Structure formats: C-alpha cells, structure tokens
Enquirer: 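Below are the structure tokens for one structure; questions will follow.
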Amino acid sequence: MERKSLDQRAQMTDLERLRHSAAHVMATAILRLWPDAQFAAGPPVDDGFYYDVDLKHRITPEDFPAIEAEMKKETKANNIFEKIVVTREQAIKDAESGRLGGLSERPGNPSKFKLGNLEKIPAGEEITYFKNGDFIDLCAGPHVMRTGNVGAFKLTNVASAYYLGDEKNPQLQRIYGTAFKNKTQMDEYFAMLEEAKKRDHRKLGAEMGLYVMDTEYVGPGLPLWLPKGTVIVEELEKLAKETEFAAGYVRVKTPHLAKEKMYKTSGHLPYYAESMFPPMELIEGDEEKRQRELDDEYARLGKEHGEILGLGQKERAARLSEIADRLKAIGEEMGRLGERYYLKAMNCPHHHRIFAAEPRSYRDLPLRLAEYGCCYRYEQSGELFGLMRVRSLNMNDAHIYCTPEQFAAEFNAVNEMYLKYFKIFGFEKYQMRFSTSAPEGLGKKYVDEPALWKQTEDMVRDVLVSSGINYVEVANEAAFYGPKIDVQVWSAIGREFTIATNQVDFAVPKRFGLVYKDRDNTEKTPLCIHRAPLGTHERFIGFLIEHYAGNFPLWLAPEQVRVLTLGEEEPLLNYAKDVVNQLRAQQVRAEGDYGNDPIKAKIANAEKAKVHTMLVIGGRDMEAGNVSVRLHGKGNVGAKPKAEMIADILAAIRERRA
RNA sequence: GCCGGCAUAGCUCAAUCGGUAGAGCAUCUGAUUUGUAAUCAGAAGGUUGUCGGUUCAAGUCCGACUGUCGGCUCCA
C-alpha cells in the first residue's frame, strides 16, 4: 500500500481520525492479551479500520469479545493521544527494542514492520509517535484527542493480508473493525448493512430464479441463465442492438475459439496464458514432446524479444531479426505438428481479422464492429464472485476502427452512449476513471510509443473536458496498448467493480498488420477504440439486480404482468385469459394465476416473485370491462378499463420507463 | 493461487456428551370458491458435499479433496 502523504493525512475526516484512533485502541487491547504481537499497518478504510498483526495465536471471531473488552477498558480510561516528535536515531532504537507498536520494551522481539515503515519515511520529514496509555506507535496521525472519543466500536472480521500487499511477503492477520462517534450511529450502520445484504445479487438471483451456478456438472464461475434471467439478458441485448444500430455500428458474429497463432500475434500468449483456459490440443504422440520443446523456445525468445524492444537497444537490432526468423520457423514447424485451439478471452483479435478480411479504404472508416461475444477467462478460484466475476462472460463489445482525425468524435460518441444508458438505468453513483500511462513504464508495462501515448491521452482528455463529463485521472493504470476510461461502480456490499470500459488501442492493430489506404494512397494503421458500455451481461446484470434490489422496471422485469382471478367461473376465466392473450400477442410477458387459492395468497405469491404489474380480475371487473391494477411494492392503484391498461403497459415498455 | 471460516431436504434452519436425521416454506394430492401480502388436511422429499480414518457406534471427532463465504493477490 502507498504511504499516505502528509497532505492526505491533514485531509482525513473526523470519522477517519476516529477510526484510525480505534485501530490504536485495538492494538493496545491485543497487546494486553498477546504482548508479543507485532503490528504492521493500521489505517482507516471506507467502513471502518483494520490493523495487520503478526502473531502466533490465530485470532478468530471467538477472540473478539475478549479484545473488545480490553478496548472498552482503554476507551474508559480516556487516555490522551499524545504526539511525540523523535529523531530517526531514537525511532530506530525504539523499534529495535520492540518498543514501537508495544506496551513496553520487548527484548528479542524488535518491531520489525515498524522498522520497515521507518525506512519509507523520507529524509527530512518529521518522525512522530502517538502514545495512548502505555501503547506507543510510530504514526503520523492524526488522531482524536482521547481514547474516550472512540464512542462505539465493534470488531467485524479477520482475514489475511500480505505484508505491504506483496504476494511474496509473509501473510499477516488483518483484524477488521468499525467505529463510530456513538452507538446510535453504529446501530444505523449495521442496520444498513443488513439491508444491503438483502440486495446481494447472489441471494436475489437465487430467490428470483435468474441464474444458477452448477459447480458440480458445469463448473465454478460458469453461470447458467434460467428463463427469467435470460429475459434480462435478451432485453439488454435488444437495447444494445437498437442503440448501436442507430449509432452506425454493424454486427458481426465470431466463434468462441481460435488457433494459437491468433493469440501469439495479439501478444496475449505466452504472457497472459495463465488467465486463459488451457488449450485444446490436436496433437498426438511424439509430436507432443516436440511441441513442448518448441513452446519453451518460443516463450524464451518471445521474452528476449520483448526485453530488447523494451530497452530500446538499437544495437541489438541484428539479434531482433534473428529472433524473428526463428519465431517464424517455430511457427511453421508447429503448424506441421498439429494445432492448438484456445477459448477466446477477448473478442478483439477476431474483430481484427474481420477488419483484415477485406482491403479497407479511408472511405470505409470509421468501421464499427459490434458483437455480444462470449469470452472465457480462467480467473483464479479465489477471485470468483457470483455474477460479478465469472469465467464465461458475454461482452457488450465493439471495436471502432478510425483515423486520428475521426478519433475525438468517435470517442465522444461512445461516452455519450454511456451516459444515455446510465440515464435509462438511473445510475447515480459511479465514477469515470481516466487511466493514463507513466513515463517510467514505457517499454515495460506499456508499448514504447511516447508520441502516440501523449497524442491519444491528450485527445481523450480533451474529449472529457470539452464534454463536461465528471472524471478522475489516474496515472500509471492504462492498458498496455493505450489509455482507457473505466466506469467504476460499487456493489451492494461495497465491492468496487469496473462496469464498463472504453479503451484506446494504437498498438494491437499494428501487430495484426491492419491498414487502410488513405487519401494520399499510402497505407496507414487505424486507431482502434475498444468499448463495452454495458460491460458483460454477467457483471451488468449482477449489478442491476443490486441496483434495483430485484424490483426491475417494467421493460426489464422477467414477469411483467400477472393476471389474478377471483373465482373459477367459466366466463370470468375466459375474460382473464383474453387479457393475458392480448398482452402476449403484443410480446408482453404476462402470466395468469387461475387457480383456486384465495386472492390474498395469489397476491402474496406475485409480490414475492416481484411481478411488476398485477391485474386482479373478479366479477365486477368483468362486468365493467375493467382490470384492477396493483403495482409491486406500491399496492392497489384502482380499476381501469382493460384497453386503457394494455395501452399504458405497452407505452411504458416501449419507452423503457424507469 | 494464498490465509481463515463454512458445507444437513429445492430454500431457511434444528438435531444435548459421539447413540434410530427433524421443522417451516416450496412441491404433489384432496378439500376449500375467496376483492388486494399467505385457507385446511395428507403425502412425498436425505448415502448429512466427496473420499478416507478413529470408534461397538460418526451429521457430530481427525485428514485430504471439491465447492462456497470473508479477505489478500490478480483483473489485458
């Protein structure tokens, strides 16, 4: 984790100070129970705080009451958070004696993480301790005045975390808690959390019968869309197809797999092989062994090639062409041995090949190829998360090939498409994040094209500024092939996700040798915009479930209308069935509940299923040519002539009313 | 992938110290004929995630695996 700057610290809110102080109080408590505990970092986070601790005893939630009791003693004591300025020499001495992050000196148990933290404090910056009671911690603050200011707290969770967030470092125990000024606020927070849990798409998705994960027969992270979920999938596709058609896109369809050569050309192999499903091999016997040898050599040379390019070593150009020749020869030999097919992890290479399928003129650009393409990514098992992070994903994908002159207008049009969608769905809490490169990453993390980076980043920034979109700029987060804009949203339980993305690519079309013939009769490489405003069905619908808490607007609702009858007389049933048939004839998803349950039970069932519109039909409705309308969550809204109600429903669906 | 928790009927959950696996909802059958959130009765539903171990005896204790949950790492 990055160290907070002094500026950032000065800007900490009162609640953050309080929670940071709560972390010190917790450390104090843990030390009273386990004096040899070593602490690393203990910052405030969005909904509380944590402290990373290295301790032989494995802390479990069963230990929480004891820790909380000690914390209570510390807040009752109402000790002052005393700031102490020390010299670096003194701090190192105290860390070595085990005094830092301790209640006393601990011979033979130096404050190893605090020593590490000390090293990260730049020379010249003031080194400070904060002391409450016997507990002294290396800390830049700020804190509340006294431990008693931490009015209400609760430990919530224990997890593990790598020291400094690096996989290679030892794992520490991360104890999470939350703290508030008083108990009332804390109670409100936990009540809100309970509400949020009810919105969790995994819970609602199962209850509403939208999707299942058949981990036994299909596999983890491979959702099966049930009929009701498929309705939402198809409504979203309809929206995308209409919107994209109007915006001048053309649709394509591509297979779910491709030969190895595709991903060697795109640059995804061998470097990203581990996030792809292993290949299907159409190779036999001895040839397989030879294939492995060639693989190894290919990987080795590929790496060397990348290094030479990255370092910009012009003097090694001869070696480069040697490598290129050898790579070509390997490719040819592999072709003779047999083939390997990979499931696609992205659609761009297939689209690039469609671009390459015909000679292109500047007159053909911009060419906007759209596809709801199904991709497969072998996400790490620990990363799978309901619909939000899966291994098979249907992307609202499109690639726009354009000239540099066309770029600004195209990029802007894509952004406007985002905003149009977000308005339809009523998204309010989202963040547009503009990710740029960093000079030190050129040739390593990013393709080594400083001029193109500057050019495209300026173009994107200009579009953002001139269109007045609210965004934040993050350096050193770009894709390896160009700058991008991600749209971040937060799930019901507060996890952050990229819901949509808009990326510039000035590198991969070149690798595929894509060109168009320009006005001046020269061949030029097009710019490519990758965009997915509706992200993937999986993540987008996962998010929509939580956004609407399962109460979808009429146009998206899996079951739009349910007709509930009062009584079983033949004429009444005919009248009710006629309403359902008229609606279905107009493509409205209407069902009938003609059974003999009491109306209260039928209503309870329909409400529980979150049916958008319920039409109650009894004898008096039939006689008047009416239907009695009840809206999910809103209750009875009264009787209406049948024809009028049907017209209303059709209009609301057509307009995709919220 | 790493650390830890969890896994009982379709769902939500019980089952005392290791001693014959139960309930509500949903499902099915029958009765009930109803005006805005649940009519009554009966039936059916299980190799307690899988495999192995300890024991006279395992849902319960131990181990491995799989899945899942919470984090970490990762996310072109």
Side-chain angles (χ1 to χ4, degrees), chain A residues 1 45 50 52 58-62 156-176 197 200 202-203 206-207 209 212-216 219-221 263 266-269 271-276 345-346 348-349 375 377-386 388-390 393 445-447 477-482 484 486 493 495-498 501 503 505 507-508 530 539 564-569 572 595-609 614-621 628-639:
Chain A
M1 180 186 306
V45 288
Y50 66 79
D52 285 345
R58 187 155 296 283
I59 293 178
T60 69
E62 277 148 40
T156 52
N157 195 7
V158 54
S160 80
Y162 300 103
Y163 176 53
L164 301 178
D166 189 333
E167 229 175 337
K168 290 187 278 293
N169 286 337
Q171 287 203 325
L172 307 173
Q173 304 186 55
R174 177 166 292 181
I175 321 292
Y176 282 90
K197 270 190 199 151
D200 191 317
R202 293 168 296 184
K203 188 173 157 63
E207 282 171 8
V212 289
M213 292 286 184
D214 183 351
T215 55
E216 191 184 354
Y263 303 107
S266 69
H268 292 103
L269 286 175
Y271 305 111
Y272 297 105
E274 66 187 33
S275 45
M276 296 174 75
M346 67 299 296
C348 18
C375 299
R377 297 184 183 182
Y378 195 75
E379 303 287 358
Q380 295 185 60
S381 59
E383 260 313 321
L384 299 174
F385 181 75
M388 301 292 215
R389 190 80 179 267
V390 290
L393 36 136
K445 209 169 148 186
Y446 309 118
V447 291
E477 289 286 325
F480 79 87
Y481 48 67
K484 63 175 180 177
D486 288 326
I493 57 168
R495 281 205 201 189
E496 183 180 347
F497 289 97
T498 298
T501 184
Q503 312 183 347
D505 182 351
V508 182
H530 305 237
R539 188 172 287 183
L564 315 174
T565 51
L566 271 156
E568 283 184 303
E569 300 79 25
L572 183 78
N596 59 5
D597 286 331
I599 193 67
K600 278 174 181 281
K602 291 188 182 184
I603 284 169
N605 288 334
E607 288 283 357
K608 226 171 65 181
M614 289 151 273
L615 301 179
V616 176
I617 297 180
R620 58 177 198 247
D621 299 294
S628 290
V629 184
R630 181 186 170 101
L631 298 176
H632 171 59
K634 297 202 181 82
N636 189 357
V637 295

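A note on names: the letters A, B, ... follow the listed sequences, proteins ahead of strands, and every chain is numbered from 1. Atoms considered below: every heavy atom in the structure, side chains included; atoms not considered: hydrogens, waters and symmetry mates. None of the values given here were measured: they were computed from a predicted structure.
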Enquirer: Do other residues, nucleotides or ligands put more than 12 heavy atoms under 6.0 Å from the OH atom of A/Tyr378?
Expert: no
Enquirer: In whole Å, what is the span from the CG atom of A/Leu566 to the C1' atom of B/rU33?
Expert: 10 Å
Enquirer: Using the C1' atom on both, measure B/rU20 against B/rU68 and round to a whole Å.
Expert: 31 Å
Enquirer: Whole-Å distance between B/rC74 P and A/Arg377 CZ?
Expert: 17 Å
Enquirer: Quick one: closest heavy-atom pair of A/Tyr263 and A/Pro349, and the distance?
Expert: CE2-CG, 4.0 Å
Enquirer: What is the pairing partner of B/rA14, taking Watson-Crick or G-U wobble pairs with both distances under 3.5 Å in any strand?
Expert: none
Enquirer: Output the single nucleotide from B/rA76, B/rU36, B/rG35 whose closest atom is nearest the side chain of A/Ala345.
Expert: B/rA76
Enquirer: Tell me: CE of A/Met346 to C1' of B/rC75, nearest whole Å?
Expert: 12 Å
Enquirer: Decide yes or no for A/Tyr50 and A/Val45: does some side-chain heavy atom of the first lie under 4.5 Å from some side-chain heavy atom of the second?
Expert: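 With C-beta onward as the side chain, the pair touches.
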Enquirer: Is it the case that B/rA76 (base atoms only) and A/Ser266 (side chain only) share a donor and an acceptor within less than 3.5 Å, ignoring hydrogens and angles?
Expert: no
Enquirer: For A/Pro598, which contact category applies under a 4.0 Å heavy-atom criterion: base, sugar-phosphate, or nothing?
Expert: base
Enquirer: I'd like to know if A/Asn636 reaches the base of B/rG35 with its side chain, counting only an N/O donor and acceptor under 3.5 Å.
Expert: no
Enquirer: Mind checking if A/Gly619 touches a base, just sugar-phosphate, or nothing, with heavy atoms under 4.0 Å?
Expert: base
Enquirer: When rounded to the nearest Å, what value does the distance between C1' atoms of B/rA44 and B/rU66 take?
Expert: 30 Å
Enquirer: Return the CE to CG distance between A/Met614 and A/Leu564, rounded to the nearest 0.5 Å.
Expert: 7.5 Å
Enquirer: Would the base of B/rG35 count as contacting A/Ser628 through its side chain, where contact means a donor and an acceptor less than 3.5 Å apart?
Expert: yes
Enquirer: Can you check the distance between B/rC11 and B/rG52, where both ends of the measurement are the C1' atom (answer in whole Å)?
Expert: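 Nearest-Å result for B/rC11 against B/rG52 at atom C1': 31 Å.
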Enquirer: For nucleotides B/rG10 and B/rC28, find the distance between their C1' atoms and express it as a whole number of Å.
Expert: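 About 14 Å, rounded to a whole number of Å.
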Enquirer: Please state the C1' separation for the pair B/rU29 and B/rU47 - nearest whole angstrom.
Expert: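 After rounding to an integer number of Å, I get 29 Å for this pair.
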Enquirer: B/rG30 pairs with which nucleotide, Watson-Crick or G-U wobble, both distances below 3.5 Å?
Expert: B/rC40
Enquirer: Once hydrogens and angles are ignored, does a donor-acceptor distance under 3.5 Å link the base of B/rG4 to the side chain of A/Ser160?
Expert: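 When only heavy-atom distances are counted, A/Ser160 does not reach the base of B/rG4 through any donor-acceptor pair under 3.5 Å.
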Enquirer: Please give, in whole Å, the distance from B/rU68 C1' to A/Asp200 CG?
Expert: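 Taking CG of A/Asp200 and C1' of B/rU68, I get 13 Å after rounding.
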Enquirer: Among B/rC25, B/rA76, B/rU68, which is the nearest nucleotide to the side chain of A/Lys608?
Expert: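 Of the options given, the side chain of A/Lys608 lies nearest B/rC25.
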Enquirer: Please tell me which of the listed nucleotides, B/rA37, B/rG1, B/rC72, lies nearest to the side chain of A/Tyr176?
Expert: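 Ranking B/rA37, B/rG1, B/rC72 by closest atom to the A/Tyr176 side chain puts B/rC72 first.
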Enquirer: Considering Watson-Crick and G-U wobble pairs with both distances under 3.5 Å, what does B/rU55 pair with?
Expert: none
Enquirer: Taking A/Arg389 for the side chain and A/Leu384 for the main chain, is one N or O donor matched with an acceptor at less than 3.5 Å?
Expert: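 Between the backbone of A/Leu384 and the side chain of A/Arg389 there is no qualifying donor-acceptor contact (under 3.5 Å).
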Enquirer: Using the side-chain heavy atoms of A/Pro220, tell me which of these nucleotides is nearest: B/rU68, B/rG70, B/rA76.
Expert: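 From the listed options, B/rU68 comes nearest.
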Enquirer: Please measure how far the P atom in B/rC3 lies from the corresponding atom in B/rC65, and state the result in whole Å.
Expert: 10 Å
Enquirer: Within the 4.5 Å heavy-atom criterion, are A/Leu393 and A/Arg377 side-chain neighbours or not?
Expert: yes
Enquirer: Which nucleotide wins on minimum distance to the side chain of A/Arg389, given the candidates B/rC74, B/rG70, B/rA38?
Expert: B/rC74
Enquirer: Measure from NZ on A/Lys602 to C1' on B/rA37 and round the result to the nearest Å.
Expert: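 After rounding, the gap between these two atoms is 15 Å.
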Enquirer: Taking a pair as Watson-Crick or G-U wobble with both distances under 3.5 Å, which nucleotide is matched to B/rC72?
Expert: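 Its partner is B/rG1.
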Enquirer: What nucleotide, of B/rA76, B/rG71, B/rU39, holds the atom closest to the side chain of A/Ala479?
Expert: B/rA76
Enquirer: Considering only side-chain heavy atoms of A/Ile599, which listed nucleotide, B/rU39, B/rU36, B/rG1, is closest?
Expert: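 It is B/rU36.
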Enquirer: For atom P, what is the distance between B/rC56 and B/rG67, given to the nearest Å?
Expert: 35 Å
Enquirer: Of the nucleotides B/rG71, B/rU39, B/rG35, which has the atom closest to the A/Ala159 side chain?
Expert: B/rG71
Enquirer: Mind checking whether A/Val616 and A/Lys602 have side chains closer than 4.5 Å, heavy atoms only?
Expert: no
Enquirer: Looking at B/rG1, does its base get a donor-acceptor pair with the side chain of A/Tyr162 below 3.5 Å?
Expert: yes
Enquirer: Given atom CZ of A/Arg630 and atom C1' of B/rA37, what is their separation to the nearest angstrom?
Expert: 6 Å
Enquirer: Taking syn as within 90° of 0 and anti otherwise, name the glycosidic form of B/rC6.
Expert: anti
Enquirer: A/Phe385 near the nucleic acid: base, sugar-phosphate alone, or nothing, with a heavy-atom cut-off under 4.0 Å?
Expert: sugar-phosphate
Enquirer: Distance check needed: B/rU68 P versus A/Glu216 CD, whole Å only.
Expert: 12 Å
Enquirer: Taking a pair as Watson-Crick or G-U wobble with both distances under 3.5 Å, which nucleotide is matched to B/rA7?
Expert: B/rU66
Enquirer: When the nearest nucleotide of RNA chain B is assigned to A/Asn157 and to A/Glu569 on a heavy-atom basis, which residue is associated with the more 5' position?
Expert: A/Glu569
Enquirer: Using the P atom as the point on both nucleotides, what is the distance between B/rU12 and B/rU54, in whole Å?
Expert: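 My reading of the P atoms in B/rU54 and B/rU12 gives 35 Å.
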Enquirer: To the nearest Å, give me how far apart CD1 (A/Ile59) and C1' (B/rG71) are.
Expert: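 In whole Å, B/rG71 C1' lies 15 Å from A/Ile59 CD1.
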